Amino acid sequence: MNPAVNFAPEALALLERYTWPGNIRELENAVVRAAALGDGTIRVQDLPERVRNYRPEPATVIVNKTEPEKRAGDPQEWPSLAEVEGRYVARVLEHTRGNKQAAARLLGVDRKTLESDD
């Protein structure tokens, strides 16, 4: 049975603001690690650096009105799933300082999956 964990209001606000590109798995890893570091209350300093330092990107402002308006929601401007996945894997590898075993664990994949990307 796992002991109950509390969240400091500031830590909870950061968790809610972060975009969680790794979805629920990334959130789960962050909370489990923060709980392991803490004393029963998760505080800002217990959260991963990427969560603590996250700043949402400001909305795009169109300066040149002679060009057709581009909206952030335009599907043609969206990256492909492969591109997003590749960027995410690269960020995880950067976080683990190139340790593929640790990165594979964070990503929830077999290490061999990362070897095929070499």
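The shown structure was predicted, so the numbers you read here are calculated from the model rather than taken from an experiment.
Every salt bridge (charged side-chain N to carboxylate O under 4.0 Å, His left out) that Arg43 has, sequence neighbours left out, goes to Asp39. Applying the salt bridge (charged side-chain N to carboxylate O under 4.0 Å, His left out) criterion to Arg87, with sequence neighbours excluded, gives Glu83. For Arg25, there are no side-chain hydrogen bond (donor to acceptor under 3.5 Å, both in side chains) partners two or more places apart in sequence or in a different chain. Asp110 is linked by a side-chain hydrogen bond (donor to acceptor under 3.5 Å, both in side chains) to nothing, counting only residues two or more places apart in sequence or in another chain.
Pairs engaging residues 12-24 under the side chain to side chain donor-acceptor pair (under 3.5 Å) rule: Tyr18-Glu26 [sequence neighbours left out]. Sorted by first and then second residue, the ring-ring contact (aromatic ring centres under 6.0 Å, His included) pairs involving residues 79-110 (not counting sequence neighbours) form an empty list.
For the pair Arg33 and Leu106, the minimum side-chain heavy-atom distance is below 4.5 Å. When side chains are defined from C-beta on, Val5 does not count as touching Thr41, because their heavy atoms never get closer than 4.5 Å. Contact check for Glu94 versus Arg91: no side-chain heavy atoms found under the 4.5 Å cut-off.
Clustering ILVMFWY residues whenever any of their side-chain heavy atoms sit less than 4.5 angstrom apart, transitively, puts Val32 in a cluster other than the one holding Val92.
Atom CG of Leu12 sits about 9.5 Å away from atom CD1 of Ile42, to the nearest 0.5 Å. Atom CG in Leu93 sits 7.0 Å away from atom NZ in Lys100 (nearest 0.5 Å).
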(message) With side chain to side chain contact (heavy atoms under 4.5 Å, CB included) as the criterion, how do Leu15 and Glu10 come out once you've worked through the C-alpha distance, each side chain's angles and the decisive distance to 0.1 Å?
(response) CA-CA 9 Å; Leu15 291 171; Glu10 300 83 11; over 6 Å; no

(request) Might you work through the side chain to side chain contact (heavy atoms under 4.5 Å, CB included) test for Val44 and Leu14, ending with a clear yes or no? (result) CA-CA 8 Å; Val44 170; Leu14 287 177; 3.6 Å; yes

